[in-house]
Amino acid sequence: MEIGLPFYLHFANDLHLIKTSSHWEWASDLDKRIFQSRLVEEDFELIRESAVNSQTPNVLGGILPCVLPLIWFMYFLVFVVAGDVTGDITLYPFFLLIMKICSVLLTGLSLLIIIFSIKSVYRRLQKMQYLISIFATHFIFGLSPYLMALFRLGKSNNTTEALLMKITVVSLSSGIVIFIATWICIYVLLHNGQFRKETKRGFQRGSLLKFIKFIVVIILMATVGFTVQMVLRIIASLELNEIIVIISGFILFTVMSCILSIQLFVLHCKIQFISFNYQSNGRFLIRSQDG
């Protein structure tokens with residue numbers, strides 16, 4: 001057994017599948033690209049152009065104060081309207097505990113939003129400001145619709161706590177699968193140089209991106225479809241508007257799981273590379289140390 005041979009080549013070699021030097025050179029090159037290559041700033045250039053340029057600290061600083069009342073409005077819709085805490089409370093397990101936890105977390109998030117709406121603060125702590133915007137975005141467009149769907153299901157006459165927990169596990173697993181799939185897709189694209197500026201108009205990048213999107217959409221449709229299939233057993237006794245809220249909640253949650261991967265990659269770039277951040281005036285990107 002040769003020293004330095006990749007683990008998957010040991011197995012192939014034992015089966016006498018790799019016997020020529022051309023196979024060895026190709027596999028070694030593949031192993032080197034995927035497992036030993038180190039991403040550099042140029043690999044993220046298109047992410048920098050598309051994502052960071054449209055989300056300056058000044059823009060986020062203006063949006064966050066407007067998001068604050070929307071967060072508490074969604075809290076009201078989730079726990080008072082959907083969960084009906086004041087009347088016929090939902091059957092969903094741990095509903096009151098979830099409500100208390102969310103109220104505490106949202107109080108802390110609200111304080112951070114107020115603090116990071118101050119120019120002197122968010123211009124010095126841009127990464128933290130972006131992280132807070134991620135939390136706010138996913139509560140409004142991801143977690144809130146998801147909880148509304150679960151709580152409305154808990155008010156159906158055809159449901160049980162065990163079935164609700166099964167739906168929760170399946171839907172959460174779907175979100176995790178989408179998150180991981182999107183993360184892997186972005187990682188593969190980065191290691192293939194598909195986010196470098198010189199590949200912006202390349203046919204290879206366009207074809208690969210279409211293929212990646214196709215795979216993610218297939219996974220998204222499969223996971224959401226499986227969840228909806230389970231939900232259909234419950235929603236027969238619900239009204240049309242409630243059915244729309246429930247199905248939309250699961251779809252939004254799954255889509256936001258995909259978006260979370262992209263946002264975390266941008267946050268990683270802001271931490272890793274100085275050129276993904278802005279100067280103290282909040283307008284211009286700081287130049288890379290490489291010039």
Side-chain angles (χ1 to χ4, degrees), residues 33-65 67-68 71 105-106 108-143 175-176 178-200 205 209 212 216 255-291:
R33 290 201 313 269
I34 295 179
F35 296 102
Q36 299 178 7
S37 61
R38 181 181 178 184
L39 295 173
V40 294
E41 187 171 351
E42 288 75 15
D43 293 316
F44 298 84
E45 285 176 331
L46 295 183
I47 296 178
R48 178 172 175 259
E49 286 186 2
S50 60
V52 180
N53 285 352
S54 61
Q55 299 176 5
T56 67
N58 286 342
V59 171
L60 292 178
I63 292 175
L64 285 178
V67 167
L68 186 56
I71 286 176
L105 294 178
L106 287 184
L109 181 61
S110 299
L111 292 174
L112 289 174
I113 287 176
I114 293 172
I115 293 172
F116 279 85
S117 298
I118 303 172
K119 285 186 179 181
S120 58
V121 176
Y122 69 67
R123 286 179 178 176
R124 288 186 290 107
L125 301 171
Q126 298 176 30
K127 304 175 190 70
M128 188 65 181
Q129 183 201 37
Y130 186 72
L131 180 61
I132 292 170
S133 71
I134 292 176
F135 284 131
T137 300
H138 284 271
F139 178 79
I140 295 172
F141 299 106
L143 184 61
I176 293 172
I178 289 294
F179 175 85
I180 294 175
T182 306
W183 185 276
I184 293 174
C185 290
I186 297 174
Y187 188 81
V188 170
L189 288 171
L190 284 168
H191 273 274
N192 279 277
Q194 302 305 318
F195 288 106
R196 285 176 172 265
K197 189 172 291 186
E198 60 267 20
T199 63
K200 187 173 183 179
R205 175 176 175 269
L209 276 174
I212 295 297
V216 171
V255 171
M256 292 303 294
S257 299
C258 176
I259 294 175
L260 179 60
S261 291
I262 301 171
Q263 291 176 318
L264 290 180
F265 258 104
V266 174
L267 180 62
H268 164 76
C269 293
K270 292 177 76 69
I271 295 172
Q272 189 74 18
F273 306 114
I274 193 172
S275 64
F276 276 75
N277 298 282
Y278 289 78
Q279 295 179 3
S280 58
N281 59 17
R283 294 182 179 178
F284 304 105
L285 284 168
I286 297 174
R287 290 181 178 272
S288 172
Q289 291 179 342
D290 296 334

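Index from 1, following the sequence. Quick caveat: nothing in here was measured; it's all calculated off a predicted structure.
Here the side chain of Gln126 pairs a donor or acceptor atom with the backbone of Tyr278 at under 3.5 angstrom. No side-chain donor-acceptor contact under 3.5 Å links Lys270 to the backbone of Asn277. Of the possible polar contacts, one joining the Gln129 side chain to the Pro57 backbone as a donor-acceptor pair under 3.5 Å is found.
In this structure Phe135 satisfies the side-chain contact (heavy atoms from CB on, under 4.5 Å) test together with Leu109, Leu131, sequence neighbours excluded. With sequence neighbours excluded, the residues that form a side-chain contact (heavy atoms from CB on, under 4.5 Å) with Ile180 are Ile176, Ile184. Partners of Leu260 by side-chain contact (heavy atoms from CB on, under 4.5 Å), not counting sequence neighbours, listed by chain and number: Ile134, His138, Phe179, Gln263, Leu264.
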Audit row: Leu190, Ile186, side chain to side chain contact (heavy atoms under 4.5 Å, CB included) steps and yes/no: CA-CA 6 Å; Leu190 284 168; Ile186 297 174; 4.0 Å; yes
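Within the model, atoms NZ of Lys127 and CD1 of Ile132 stand 13.5 Å from one another, a figure rounded to the nearest 0.5 Å. One distance of note links OG1 of Thr137 with CG of Leu143; it measures 12.5 Å at 0.5 Å rounding. Going from atom SG of Cys269 over to atom OH of Tyr130 covers 9.5 Å, rounded to the nearest 0.5 Å.
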Could you list the donor-acceptor pairs under 3.5 angstrom formed by side chains in residues 110-122, with sequence neighbours left out?
| unit_1 | atom_1 | unit_2 | atom_2 | d |
| --- | --- | --- | --- | --- |
| Ser110 | OG | Trp72 | NE1 | 2.8 |
| Ser110 | OG | Leu106 | O | 2.7 |
| Ser117 | OG | Ile113 | O | 2.6 |
| Tyr122 | OH | Asn58 | OD1 | 3.1 |

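Nearest heavy-atom pair, Pro65 versus Gly61, reported as atom, atom and distance to 0.1 Å: CD-O, 3.1 Å. Listed here is the closest heavy atom pair of Ile71 and Ala136: CD1-CB, 4.0 Å.
Using bins of under 30°, 30° to 60° and over 60° for the plane-to-plane angle, the ring pair His268/Phe265 lands in the perpendicular bin.
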